[in-house]
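Taking it in order: structure first as structure tokens, then the write-up.
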Amino acid sequence: MSQEIAQTYLHELNEIQRQAVLASDGPVMVIAGPGSGKTRVLTFKIAHLIKLGVAPWNILALTFTNKAAREMKDRIEKVVGSVANRVWAGTFHSLFARILRVEAQHIGFPNDFSIYDTTDSKSLVTEIIKSLGLNTKNYPNGLVRSRISSAKSNLITPKMYAVNEDLMSQDRMGNRPMIQVIYQKYVDKCKQAGAMDFDDLLLNMFKLLYQVPEIRTKYQSQFRYVLVDEFQDTNYLQYEILKLLSQYEGSEENVCIVGDDAQSIYSFRGATIENILQFETDYKNVQVYKLEQNYRSTNYIVEAANQVINHNKRQIQKKIWTEKDGGEKIKLIKAMTDTEEGKRIADSIVEHKNRFNVSNSDIAILYRTNSQSRIFEEYLRRYNLPYVIFGGLSFYQRKEIKDLIAYFRLAVNLDDNEAFKRVINFPKRGIGKTTVDQLLQLADDNEMSIMQALSAIEFKGRARTKLVEFVKMIHAFRAKITTMTAYEAACLIARKSGITELYKNEGSMESMNRLENINSLLDGIQEFVEDDLIEDGEEYNQDRSLAKYLQGISLMTDQDNEENDNDSITLMSTHAAKGLEYRSVFVVGLEENLFPSYMSLSDPAQIDEERRLFYVAITRAEEYLTLSYANTRYQYGSVRNNEPSRFIEEIPVDNYDAIITMRNPDRFAEPKSLGGLRAPRIQKKLDYIDPENFNPVPSHKLKEGMKVLHLRFGKGEIISIDESKIATIEFYDLVENQEKRIALRYAKLEIIE
DNA sequence: CGCAGGCACCACGTG
DNA sequence: GGTGCCTGCG
């Protein structure tokens, strides 16, 4: 190793980190506590390999989120330049999908296979349950899918399931003996549709490597170095794939796994810490490095985290420490209601900004469930604090977007039944439920996709002419997508399908919104077409077809689009926060039944997982950590009382800001007004409207010229009301877009004069 | 037979 | 608050 390399980046590492980076050959396991420079080690390690002369495309780096992959690539690029783009870095799902696009024919799938997302998979399962004459009471969709998913993740085929006495007797005892039959049918139907669900992307990658020796050899020899981030989140199937890729005759087993057992939070989707323990047995002479120095957080936070995680029995021994002494103690906010919690958090944020000079982008609010975001959203809006929400309903999950994309999918893959079901009568073209049911039956009886059945068998129903028209249209689209660019084809489909026209004619606020979303999708497609370089492993791919575009987006999530570049507060689930850090973190909703979740209360192992999740949450904070809970909360349509979360007490009292006794639930003092500081006004603060004292009036009482009050936007004046009962209202306190168009049908407005 | 509106039921986390 | 199913009407 040359002197020059050492000077460029190795000095930025501590001793253990450096050893881990330099251990380029053979199996390596890095146990990395939160904030210990894990990503730094991974990226420097890859950069180091490239500097040593390893070709970038011989390196496979697997992550769990697109975000982590992108960050990794960016950081490698900083060290070695644009050649970093040729590293195979990405999520398990996206990289395997890419490989399957090339190799799918070896396992009996078309190369332009569709990817079924959760909605598609749900819909297919429901269809099957019904077709078997079962009801969804006995066979809840979620349960069936989780049985199927877990079977796949453990490499249990439907046939193996049928002879697995454990699984079958579990199903019998649960009075659901038909799950195996549903599973078999689900697999058959996916195959027929040329579709893979998320689990199949992994499963089929495994099959490909396992069943086709020359393919196995091809990828084994290509991926000379394999690295896995967040290894504690891998499931059995993922680990088996990793072993297939890295363990073979004559291999040096250059595999490096990085993880932290204390941050394993995905057991619900089959992740197992066993993999970490197993690694040392499966590979010979594993070099183990433990990164224990935390560079992120102050001692109060690190100490709290250590104490909390100590309540978990099973774990790899390590002691996280930091040199950052002093700092602020942890604050605890106790609220009576969930609404009050929202207000108090917003107040506290304002105080933070003023007292500690933190900017919005330094702040994150973390919650257990995405549905908690709404209240915080409302208060932040009222206080004029900009925010971004990660997670929740993704752009690609919106109805109008899914519908248009379903047309794309169907045109690319005629057998994609889920896409077919979605668009056959949208926009309305007089093909109703009865016809669709008949079609499904027809296809099922003949073991064909619907499109195949339609072209092979004369359909006798009343809707025949309309069906012929529909099929013609889809075939016309299909012809266009091979000759046109993605953008041209997408515009044509949006128009000819009747989707844009439908929303234009409707003219409501909601439709306009949808139209806008469709336009942003089209804009995105245009960008895709105009982008002159697409990173694609070894080659810069020149394909600008709609099919190619579909491949790119099918595994995208919202988090891949939203950039927090305009100084906003971040709101997200604790799961989504893993790997991120903020100067000031608010962990909210710390109540029994919520965090820990009510789903976990009966199972100690699941409580441990909730605790690890809490551990992840608090270790996101660099300087300021605030915890909060509410005594009562609106849940499932009624008010519920919850005890404060057990996790609050697991942090020693010394780490808290206020002196409090830890015995009874009322022990937690109201946060003191600190140093006489008052929550100052920032920008134009909207008046706080108490939802309890808010009295909206029926819409017919609203007239032009009235002064009204809106929960979110505050005071305003009705400028006009048009014939479709859309009011244009000017809101005085909004900084931007003072005028809003509000559909009176839905609006809740109080008259103030 | 198709459609709109009403209504029950559901909601943990992710690719 | 969203959505998928059911019902009664055209």
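All of these numbers come straight from a predicted model, not from anything done at the bench. Each chain gets a letter, A, B and so on, in the order its sequence line appears, and its residues count up from 1.
For the OP1/OP2 pair of B:dC12 and a distance below 4.0 Å, the side-chain nitrogens and oxygens of A:Asn370 include no atom meeting the criterion. The phosphate of B:dG2 has OP1 or OP2 within less than 4.0 Å of a side-chain N or O from A:Thr435. Proximity of A:Asn66 to the phosphate of B:dT14: no side-chain N or O atom is located under 4.0 Å from OP1 or OP2. Contact between the side-chain N/O atoms of A:Thr118 and the OP1/OP2 oxygens of B:dG15 is not found at any separation under 4.0 Å. Taking 4.0 angstrom as the limit, A:Lys428 places a side-chain polar atom (N or O) nearer than this to OP1 or OP2 of B:dA4.
Here A:Phe268 packs flat against the base of B:dG13; its ring centre is closer than 5.5 angstrom to the base's six-membered ring, tilted by less than 30 degrees.
Taking atom CG of residue A:Asn593 and atom P of nucleotide B:dA11, one finds them 16 Å apart after rounding to whole Å. Computed from coordinates, the A:Leu580 CG to B:dT14 P distance equals 12 Å when rounded to whole Å. Look at CZ on A:Phe426: it is 17 Å from P on B:dG2, rounded to the nearest Å. Taking atom CZ on A:Arg422 and atom C1' on C:dT3, their separation rounds to 11 Å, with Å as the unit. Rounded to a whole Å, the CG atom of A:Leu594 is 10 Å from the P atom of B:dG13. The interatomic distance linking A:Asp233 (CG) with B:dT14 (P) rounds to 12 Å, in whole Å. One atom, CG of A:Asp229, and another, P of B:dG15, lie 13 Å apart when rounded to the nearest Å. In this structure, A:Lys466 atom NZ and B:dC3 atom C1' are separated by 12 Å, rounded to whole Å.
Comparing A:Phe64 and A:Asn425 by the nucleotide of DNA chain B that holds the closest heavy atom to each, the one mapping nearer the 5' end is A:Asn425. DNA chain B is contacted by both A:Ile431 and A:Tyr266; A:Ile431 maps to the nucleotide lying nearer its 5′ end (nearest heavy atom per residue).
A donor-acceptor pair shorter than 3.5 Å cannot be found between the side chains of A:Thr632 and A:Asn641. A:Asp197 and A:Ser121 form no side-chain donor-acceptor contact under 3.5 Å, judged by distance and modelled atom types alone. With hydrogens and angles left out, the side-chain atoms of A:Thr63 and A:Asp229 include no donor and acceptor closer than 3.5 Å. For the residue pair A:Glu240/A:Gln238, the side-chain donor-acceptor check at 3.5 Å is not satisfied. Side-chain contact check for A:Asn642 and A:Asn593: at least one donor-acceptor pair (N or O, by modelled atom type) lies under 3.5 Å. With 3.5 Å as the limit, one finds no donor-acceptor pair spanning the side chains of A:Tyr266 and A:Asn235.
Candidate nucleotides B:dT14, B:dG13, B:dC1 were compared by shortest atom distance to the side chain of A:Ala576, and B:dT14 ranks first. When each of B:dC12, B:dT14, B:dG13 is scored by its nearest atom to the side-chain atoms of A:Arg368, the top-ranked nucleotide is B:dC12. Closest to the side chain of A:His575, out of B:dC12, B:dG15, B:dG13, is B:dG13. Side chain of A:Tyr598, nearest nucleotide from C:dG1, B:dG13, B:dC12: B:dC12.
Partners of A:Arg514 according to the salt bridge (charged side-chain N to carboxylate O under 4.0 Å, His left out) rule, which considers only residues two or more places apart in sequence or in another chain, are A:Glu400, A:Glu510. By the side-chain hydrogen bond (donor to acceptor under 3.5 Å, both in side chains) test, A:Lys189 is found to be paired with A:Asp444, residues two or more places apart in sequence or in another chain being considered.
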For nucleotides 5-10 of chain C, print each protein N/O atom paired with a nucleotide N/O atom at under 3.5 Å, atom names and distance only.
none

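Heavy atoms of A:Phe92 sit nowhere under 4.0 angstrom from any nucleic acid atom.
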